[in-house]
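Below is one structure, written out as structure tokens, with a few remarks after it.
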Amino acid sequence: MKFLIEGAGVFIYPLGLCSFLALFIIIERLISLRDSKVIPRDVANALIEGRVDDLTPNLGTTAGRIISFYKNSSPDAEALKAFVQLEITRLERGMFWLDIVISAAPLLGLLGTVAGLVTVFAAPESGLPSPEAISRGVGLALSTTVMGLSIAIPAIVGNSYIHRRIEKLCARLNISVERLIDISRKR
């Protein structure tokens with residue numbers, strides 16, 4: 001591990017930033033996308049059973065904000081769906097940063113690889129590169145490649161899991177909103 005960090009040279013800083021950013025976003029989204037923060041089970045069950053009047057809106061949850069909007073504004077179906085779409089975009093907050101990390105980390109690794117190879121094959125004044133220069137250049141090339149891929153691969157897995165989680169939560173929210181629309185039509 002020490003060899004990788006020392007071998008990465010100046011590329012350790014942007015790669016470290018990518019690593020920290022990916023880890024932060026994944027952990028933050030996993031915490032924010034819990035059922036209790038988006039659509040708690042008791043709220044979902046109450047909506048399915050048509051007990052909207054029994055619900056007290058909790059503005060700390062996505063479903064609570066939707067119910068509050070429904071109760072306070074008496075919106076038509078289109079306005080309610082638009083509000084839900086706004087809330088869904090809040091669920092996706094920060095995910096574009098993870099997409100940037102997924103793209104940037106391997107490219108930084110590739111840039112480090114090219115920089116390492118340029119170091120090796122740059123025309124030295126004496127004709128042939130020294131074994132020390134070759135070792136340093138190949139170390140930079142390999143270290144940055146390994147680190148870039150080591151950041152991108154777990155970030156891809158986290159990104160896929162989070163996007164799937166968002167899709168499931170959106171489906172539950174959409175079903176709940178359809179139920180609210182049905183309830184409002186019956187009134």
Side-chain angles (χ1 to χ4, degrees), residues 1-45 47 55 57-70 79-116 139-178 180:
M1 187 63 153
K2 183 180 176 185
F3 171 76
L4 283 176
I5 293 172
E6 289 175 358
V10 71
F11 293 99
I12 191 70
Y13 299 111
L15 286 168
L17 178 65
C18 285
S19 178
F20 174 77
L21 195 58
L23 188 62
F24 176 79
I25 292 168
I26 290 170
I27 291 172
E28 189 274 334
R29 287 289 83 200
L30 289 175
I31 291 170
S32 297
L33 295 173
R34 296 177 309 200
D35 284 344
S36 62
K37 289 287 192 180
V38 179
I39 183 164
R41 298 268 180 213
D42 58 331
V43 173
N45 292 337
L47 286 171
L55 293 174
N58 175 1
L59 298 179
T61 67
T62 304
R65 288 188 294 274
I66 292 169
I67 292 167
S68 175
F69 177 76
Y70 173 78
L80 188 58
K81 287 180 181 180
F83 186 79
V84 170
Q85 191 58 42
L86 179 67
E87 287 295 323
I88 287 172
T89 59
R90 290 181 72 182
L91 296 178
E92 297 169 342
R93 182 182 64 234
M95 291 302 292
F96 74 97
W97 286 109
L98 194 54
D99 293 335
I100 290 171
V101 167
I102 289 169
S103 300
L107 290 175
L108 285 168
L110 181 62
L111 183 61
T113 300
V114 171
L140 176 64
L142 295 176
S143 295
T144 56
T145 302
V146 167
M147 290 179 73
L149 292 174
S150 297
I151 294 166
I153 292 169
I156 289 170
V157 171
N159 189 41
S160 296
Y161 177 79
I162 291 170
H163 274 295
R164 181 69 181 133
R165 179 92 178 120
I166 290 171
E167 286 174 10
K168 284 181 176 180
L169 292 169
C170 289
R172 288 177 58 201
L173 286 171
N174 285 328
I175 289 169
S176 298
V177 167
E178 289 300 325
L180 275 176

What side chain to side chain donor-acceptor pair (under 3.5 Å) pairs are there with at least one residue in residues 97-107, not counting sequence neighbours?
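Every side chain to side chain donor-acceptor pair (under 3.5 Å) pair that includes a residue of residues 97-107, provided the two are not neighbours, is Asp99-Asn159.
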Atom of [X], atom of [Y] and distance for their closest heavy-atom approach:
| X | Y | value |
| --- | --- | --- |
| Val38 | Ser32 | CG2-O, 3.8 Å |
| Val101 | Pro106 | O-CD, 4.2 Å |
| Ala155 | Ala22 | CB-CB, 4.2 Å |
| Gly60 | Arg65 | C-NH1, 3.9 Å |
| Phe11 | Gly112 | CE1-CA, 3.7 Å |
| Val177 | Lys81 | CG1-CG, 4.4 Å |

Give the C-alpha distance, both sets of side-chain angles, the deciding distance and a yes or no for side chain to side chain contact (heavy atoms under 4.5 Å, CB included) between Ile66 and Leu80.
CA-CA 8 Å; Ile66 292 169; Leu80 188 58; 4.3 Å; yes
Please tell me if the side chains of [X] and [Y] come closer than 4.5 Å, counting only heavy atoms from C-beta onward.
| X | Y | answer |
| --- | --- | --- |
| Thr144 | Leu111 | no |
| Glu92 | Arg29 | no |
| Ile88 | Asn174 | yes |

[atom1]/[X] to [atom2]/[Y] distance, rounded to the nearest 0.5 angstrom?
| X | Y | atom1 | atom2 | answer |
| --- | --- | --- | --- | --- |
| Leu91 | Ile162 | CG | CD1 | 12.0 Å |
| Leu108 | Tyr13 | CG | OH | 14.5 Å |
| Ile25 | Leu30 | CD1 | CG | 11.5 Å |
| Phe69 | Leu86 | CZ | CG | 9.5 Å |
| Leu33 | Arg164 | CG | CZ | 13.5 Å |
| Ile102 | Met95 | CD1 | CE | 7.5 Å |

Qualifying residue, where the test is side-chain contact (heavy atoms from CB on, under 4.5 Å) with Pro40 and the options are Thr61, Thr62, Asn58:
Thr61
Show your reasoning for whether side chain to side chain contact (heavy atoms under 4.5 Å, CB included) applies to Asp35 and Leu169.
CA-CA 8 Å; Asp35 284 344; Leu169 292 169; 3.6 Å; yes
Do side-chain atoms of Ser19 reach the backbone of Leu15 as a donor and acceptor pair under 3.5 angstrom?
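No: the side chain of Ser19 does not pair with the backbone of Leu15.
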Where the side chain of Ser176 meets the backbone of Arg172, is there a donor-acceptor pair that is under 3.5 Å apart?
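Yes, because the side chain of Ser176 sits within donor-acceptor range (under 3.5 Å) of the backbone of Arg172.
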Arg34: what forms a salt bridge (charged side-chain N to carboxylate O under 4.0 Å, His left out) with it, not counting sequence neighbours?
none
